[in-house]
There are 2 protein chains.
Amino acid sequence: MTHKAAFTAVKTVKAYERVVEQIETAISKRELRPGDRLPSERELMLTFEVSRSTIREALRVLESTGLVRSRPGDPRGPEVLQASPAILTKTVSRLVRLETIALSELVEFRIMLEGTACTLAAQHRTEVQLNDMRAAVDAMQAQVDNGPVAFSRADVAFHVTVWAASQNQLLQICGEATRGALIDMVTDELDRAPDSQARMELSLAHDREILGAISAGDGARAGRLARSFVIEYYGDIISSQSRAALGSVADEAPA
Amino acid sequence: MTHKAAFTAVKTVKAYERVVEQIETAISKRELRPGDRLPSERELMLTFEVSRSTIREALRVLESTGLVRSRPGDPRGPEVLQASPAILTKTVSRLVRLETIALSELVEFRIMLEGTACTLAAQHRTEVQLNDMRAAVDAMQAQVDNGPVAFSRADVAFHVTVWAASQNQLLQICGEATRGALIDMVTDELDRAPDSQARMELSLAHDREILGAISAGDGARAGRLARSFVIEYYGDIISSQSRAALGSVADEAPA
DNA sequence: GGAAACACATGGTCAGACCAGTACACTCTG
DNA sequence: CAGAGTGTACTGGTCTGACCATGTGTTTCC
């Protein structure tokens, strides 16, 4: 060898992976947008010059990541989907179930999200959003007598409006994902609730308080309330240190 | 109809999905543990009574979720993998990239993450993690003269150790994802920095301060510092309301 | 003009085939 | 007997070609 050759490691990339990659980057480059249609499998196998099995395997992984959806019989081809936090929820749930992620981490994360969402909502909320929140709280009130499931559905609706008011999509996405995962993990807890009536009243009172702070534009107080309420629900899951640290952030007297 | 029949909606479930589901639940029930081997594709097609294409599509989605890995030629069959949060990182990053998220939202999100990470790190950090952080700060010091890129690499390393010390993988994952996205969006900002020397010194001082708070176990102060420093960097990107709300959470005197 | 029937391309599934690669047992050699 | 080399059987990756039920868009019929 007379000169240095800049050889680089070769890893055989499976055919279907390259197909996935190309379609994926096309989507992330916005060349394919939600609602667009991919060519049919038979066309794809011509443009990628691979067999239909390969195309199908690629479509299956794209489908499992929530990027596209295939429906039999549709002559328009596979549909490019809008990105959704649903897949995130599933992944997080699975990781928690497999104990790769501790439930306490999820709760800590949620405390953070909920607090920040309320803080930002207090600053960014519009008048109509404020009305939405009020309506949501009223709806909760109305569901108190219809059992815990109906109530918690209304409760969720309220929090969704809060997230929306935070004007931060990342917060919304992560909030959605962690909510789903938490429900997956502690859903049995919810059913047992013997004192469900009392719990519902308490939730309602909490949400009213938060709404008050948001309405008043007091972000710090809204965040503090939200954090402490989440801790009240899930506090026994996380360490006392975390509880203290996350709950009392706002209780620090600055000099 | 003489009696009420409890009919339920029928949705045709594709064959490969049922295969995925069965293997997935076997894994989450610990009937299959990391390191275990699945039967070969040809065996699976006998036990599930489907064709090999169907088995392969199922394996592809399991593979894309990081649950198993197939290697050609291995007579022991596909391997069940240890669940890893790495897949979550990919999902979150894609979501951040795909969604049209305003820079300001990203910055708000980052402020929240950085603050919480430091708060939790102050409570959860072990002695060796503390040493890691000290070493990382020293490394930053050493890189000051090597230009902004080397320095910022060291800076990142420090923050990674902080995330690790927070003992919260969700925080780490989101931190990683937002860092990548932020770099993509404001990379040019970093280069221009005319007063890079001064900025570096400032970063260093800030990180030292944070380290001090973490070392002292003062989570509230660590979080407050982290938030205000992120605001110092990116503050002009977000609204003054957000700045005030997120920065001063800890400055609220409680009664 | 509207409803019903149709044709066609689509995705879902199957069967069977070939190839390159790996693990493992089996040599052969010292 | 130990170790290096060989063989082989089975693996996963890919391809071809086929069949079916289904959804869409068109055509036909009233």
Side-chain angles (χ1 to χ4, degrees), chain A residues 7-24 26-27 32 34-82 87, chain B residues 8-24 26-27 32 34-82:
Chain A
F7 291 136
T8 162
V10 191
K11 61 167 189 286
T12 85
V13 179
K14 290 162 223 159
Y16 82 90
E17 284 181 340
R18 272 177 298 184
V19 175
V20 167
E21 194 189 350
Q22 288 197 43
I23 298 182
E24 207 171 79
I27 292 179
L32 289 170
D36 286 358
R37 299 307 183 123
L38 255 48
S40 77
E41 298 182 355
R42 288 169 175 84
E43 287 180 55
L44 285 172
M45 76 184 238
L46 294 180
T47 72
F48 284 105
E49 293 181 313
V50 293
S51 78
R52 198 167 151 223
S53 348
T54 302
I55 293 291
R56 299 203 92 243
E57 291 180 19
L59 286 178
R60 290 293 82 76
V61 355
L62 288 172
E63 201 165 3
S64 81
T65 29
L67 287 177
V68 306
R69 178 184 50 184
S70 291
R71 280 187 330 156
D74 192 334
R76 294 168 300 183
E79 181 182 2
V80 177
L81 295 180
Q82 176 108 31
I87 173 71
Chain B
T8 162
V10 193
K11 61 168 189 289
T12 85
V13 180
K14 290 164 222 157
Y16 84 91
E17 284 181 339
R18 272 178 298 184
V19 175
V20 167
E21 193 188 352
Q22 288 197 44
I23 297 181
E24 206 171 84
I27 292 179
L32 288 171
D36 285 359
R37 299 306 184 122
L38 255 47
S40 77
E41 297 182 356
R42 288 170 177 84
E43 287 180 56
L44 285 173
M45 76 184 238
L46 294 179
T47 71
F48 284 104
E49 293 181 312
V50 293
S51 79
R52 204 174 145 214
S53 343
T54 302
I55 293 292
R56 298 204 92 243
E57 291 179 21
L59 286 178
R60 290 293 81 76
V61 354
L62 288 171
E63 201 166 5
S64 81
T65 16
L67 287 177
V68 307
R69 178 183 49 187
S70 291
R71 281 186 328 157
D74 192 334
R76 294 169 300 183
E79 182 182 1
V80 177
L81 296 180
Q82 174 95 36

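Below, chain A is the first sequence line, B the second, and so on; all start at residue 1.
- Ion pair A/Glu57/A/Arg60 not flagged as a salt bridge, since none of the NZ, NE, NH1 or NH2 atoms sits closer than 4.0 Å to an Asp/Glu carboxylate oxygen.
- Using a 4.0 Å heavy-atom cutoff across all strands shown, B/Arg52 reaches at least one base atom of the nucleic acid.
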Under the side chain to side chain contact (heavy atoms under 4.5 Å, CB included) criterion, do A/Arg71 and A/Arg76 qualify, and how do the steps go? CA-CA 10 Å; A/Arg71 280 187 330 156; A/Arg76 294 168 300 183; 3.6 Å; yes
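- Distances shorter than 4.0 Å separate none of the side-chain N or O atoms of B/Arg71 from OP1 or OP2 on C/dT22.
- Atom-to-atom, CD of A/Glu57 to P of D/dG12 comes out at 12 Å; the value is rounded to the nearest Å.
- Considering only side-chain N and O atoms, A/Thr54 lies under 4.0 angstrom from the phosphate OP1 or OP2 of D/dC15.
- If you find the closest nucleotide of DNA chain D to A/Glu17 and to A/Pro72, the one lying nearer the 5' end belongs to A/Glu17.
- Here C/dT13 is the nucleotide among D/dT24, C/dT13, D/dC15 with the atom lying nearest to any side-chain atom of B/Ser51.
- Between B/Leu38 and B/Leu59 the shortest side-chain heavy-atom distance falls below 4.5 Å.
- Distance A/Arg56 CZ to D/dT14 P: 16 Å, rounded to the nearest Å.
- Between the C1' atom of D/dT14 and the CD atom of B/Glu41 lies a distance of 11 Å, rounded to the nearest Å.
- Taking atom CE of B/Met45 as the reference point, atom C1' of D/dT11 lies 14 Å away to the nearest angstrom.
- Here the C1' atom of nucleotide C/dT13 and the CG atom of A/Leu59 are 15 Å apart, to the nearest Å.
- Following rounding to the nearest Å, B/Leu44 (CG) and D/dC10 (P) show an atom-to-atom distance of 17 Å.
- Within 4.0 Å (heavy atoms only), A/Arg69 reaches no atom of the nucleic acid at all.
- Rounding to whole angstrom units, CZ of residue B/Arg42 and C1' of D/dA9 are separated by 11 Å.
- The residue A/Glu43 sits close only to the backbone: its heavy atoms come under 4.0 Å of sugar-phosphate atoms, none of a base.
- Between A/Ser40 and C/dT10, a side-chain N or O to OP1/OP2 separation shorter than 4.0 Å is present.
- Atom CE in B/Met45 sits 8.0 Å away from atom CZ in B/Arg42 (nearest 0.5 Å).
- The phosphate of C/dT10 (OP1 or OP2) has no side-chain N or O of A/Arg37 nearer than 4.0 angstrom.
- As rounded to whole Å, 12 Å separates atom C1' of D/dC15 from atom CD1 of A/Ile55.
- Of the two residues contacting DNA chain D, namely A/Arg76 and B/Ser70, the nearest-nucleotide position lying further toward the 5' end is that of B/Ser70.
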Can you list the steps and then say if B/Val50 with B/Arg18 is a side chain to side chain contact (heavy atoms under 4.5 Å, CB included)? CA-CA 11 Å; B/Val50 293; B/Arg18 272 178 298 184; over 6 Å; no
